There are 2 protein chains.
Amino acid sequence: MKKPIPSAKRSAGVTRPRPEPGYHHGELQEALIAASEAILAEQGAEGFTLREAARRAGVSPAAPSHHFGNAQGLLTEVAIRGYDALADALRKAVSDKRSAREKLHAQGMAYVGFALRHPGRFQMMFANKRLLADDARLRQASRAAGAEFEMVVAELVGGTPKQAKTAAAAAWSTVHGFAKLALEEKFGSVSNEAGRREITITLDRILNYLWPASGA
Amino acid sequence: MKKPIPSAKRSAGVTRPRPEPGYHHGELQEALIAASEAILAEQGAEGFTLREAARRAGVSPAAPSHHFGNAQGLLTEVAIRGYDALADALRKAVSDKRSAREKLHAQGMAYVGFALRHPGRFQMMFANKRLLADDARLRQASRAAGAEFEMVVAELVGGTPKQAKTAAAAAWSTVHGFAKLALEEKFGSVSNEAGRREITITLDRILNYLWPASGA
DNA sequence: ATATCTATCTTAACAGTGTTTAGATAGATC
DNA sequence: GATCTATCTAAACACTGTTAAGATAGATAT
């Protein structure tokens, strides 16, 4: 009758001693998220179903609703982790780079690399209608990933904050558009390693064209 | 038993005299495509269902299969018309422009304008998994729209064909990414006219930043 | 230790989806 | 006017997400 949806009571104070399944699963939230990510990795964003996620976690189709409300709630959690992973990748990409231009270049490559390596997750992260688009944590995670871009771009272009914001939007649009078009096979096959390597080369050329060494 | 799927017997030689509904609809293909486009306009890409399209056309859920095979077939036809409309918009955008830079700028604005004015259709055009991605006519229509870009970019950059292709991919990626991110509300609300106008201004700035008046 | 309480999960059902099969109907052809 | 063929319907199937009601297990309190 009541719909509790605690959704974040798991790590409250003391550690849980019994993590393994019984009637009470114990780790259902994590199991459902892991199952969802596995489906996205295997079948892509269109292949996800709530029932399949429940099946893989070994519970009934109704079980997820107690933890996530509905499918959107579960996918929102998956998307948040996706944005966190993306932000990590963008952060790692700049770690060993000197110039701002090198950093931006590396971030662009890392962004598309993430999309090509995790297409299902990536597509779901930007499938607003399948997520709780107004969720505060989701918006924060998305913003945090975008901030990684803005920092590097601000270093590159200098200028006013407005100019920096414009340049950041430009960089994000370019790599995001390239990733999306690549995943829709507009630049050739993406299902084999050879195709992905060629696409990577194309991206490299695009970034060098738009942000040449001489500076903009 | 047999699955005919004529799919293009409509305008074969003589004109059809009786276009209005009976048991034989007469114009079911067009009616289904129109219904689908209406759904996409009203509900977006996620709102489309084959049964709803059939409902609007006044036929049973099984009727579309005789003309389009399945939902992918119908949506492929819708996507083809979408690409045709997009190519038209890109063509019209350059018609009154002088310099190559003006043309590219106008095309970019037109591309995003199309996406913002027809979000459902636009999203469906790039939802490969919901279409017959290998359909020859679909690929041709998509290529034709892309060619509008390549022509203008070749005029702008000159250089080798490879350089032109890189530049075209860069331009397409940027405007496509911007459109996609805008539709996912990453640049603010897009549901009201004020929001759309601000987004248009942002795009204008991005294009001026990436392709400045001084030339590249 | 026993009873109670509460979170967790199941069973069952509902309305909806895309697709297939078999059959009915209407328009065109001979 | 009979036959033929394209077109559409009716019914069924296996799915989907979600909800309501009830069972169970673990924790808490007595």
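Quantities reported herein were computed from a predicted structural model and do not represent experimental measurements. Proteins get letters first, then strands, A, B, ... in listed order; numbering begins at 1 in each.
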Does the ring center of Phe149(B) lie less than 6.0 Å from the ring center of Tyr111(B)? yes

Gap between atoms CG and C1', on Leu75(B) and dG18(C) respectively (whole Å): 12 Å

In this structure, CD of Glu193(A) is separated from OG1 of Thr200(A) (nearest 0.5 Å) by 8.0 Å

The correct set of residues in residues 121-135 of chain B placing a heavy atom under 4.0 Å from DNA chain C is none

From C-beta outward on Arg55(A), which listed nucleotide comes closest to its side chain: dT10(C), dT19(C), dT16(D)? dT16(D)

What is the ring orientation for His176(B) with Phe122(B), classed by angle as parallel under 30°, tilted 30 to 60°, or perpendicular over 60°? tilted

Rounded to the nearest Å, what distance is computed from the CD atom of residue Gln72(A) to the P atom of nucleotide dT16(D)? 18 Å

Out of dT10(C), dT19(C), dG17(D), which has the shortest distance to the side chain of His66(A)? dT10(C)

Quick one: Glu52(A) CD to dT17(C) P, roughly how many Å, whole number? 22 Å

Side chain of Thr49(B) only, please: which of dT17(C), dT18(D), dT7(D) is the nearest? dT17(C)

When the nearest nucleotide of DNA chain C is assigned to Arg51(A) and to Ser60(A) on a heavy-atom basis, which residue is associated with the more 5' position? Ser60(A)

Roughly, in whole Å, what's the span from CZ in Phe68(B) to P in dA6(D)? 17 Å

Rounded to whole Å, CG of Leu50(B) lies from P of dC8(D) at a distance of 14 Å

If I take atom CG in residue Asn70(A) and atom P in nucleotide dA20(D), what distance separates them, rounded to the nearest angstrom? 14 Å

Please, which pairs that meet salt bridge (Lys or Arg N to Asp or Glu O under 4.0 Å) have at least one residue in residues 141-150 of chain A, sequence neighbours excluded? Arg91(A)-Glu148(A)

Rounded to the nearest angstrom, tell me the gap between atom CD1 in Ile39(A) and atom C1' in dG17(D). 14 Å

Within the 4.5 Å heavy-atom criterion, are Phe187(B) and Glu198(B) side-chain neighbours or not? no

Using OP1 and OP2 only, check whether a side-chain N or O of Ser65(B) sits under 4.0 Å from dT19(C). no

Does the side chain of Gln107(A) come under 3.5 Å of the side chain of Lys97(A) through a donor N or O and an acceptor N or O? no

Would you say dA7(C) has OP1 or OP2 under 4.0 Å from some side-chain N or O of His67(A)? no

Looking at the side chain of Ala62(B), which of dT19(D), dT17(C), dA10(D) is the nearest nucleotide? dA10(D)

Can you figure out which of dT19(C), dC8(D), dC9(C) approaches the side chain of Val59(B) most closely? dC8(D)

Would you say NZ of Lys165(A) has more than 12 non-hydrogen atoms from neighbouring residues, nucleotides or ligands within 6.0 angstrom? no

Value in whole Å for how far the C1' atom of dT7(D) lies from CD of Glu27(B): 14 Å

Check every atom of dC9(C), dG18(C), dT9(D) against the side chain of Ala63(B) and return the nucleotide holding the closest atom. dT9(D)

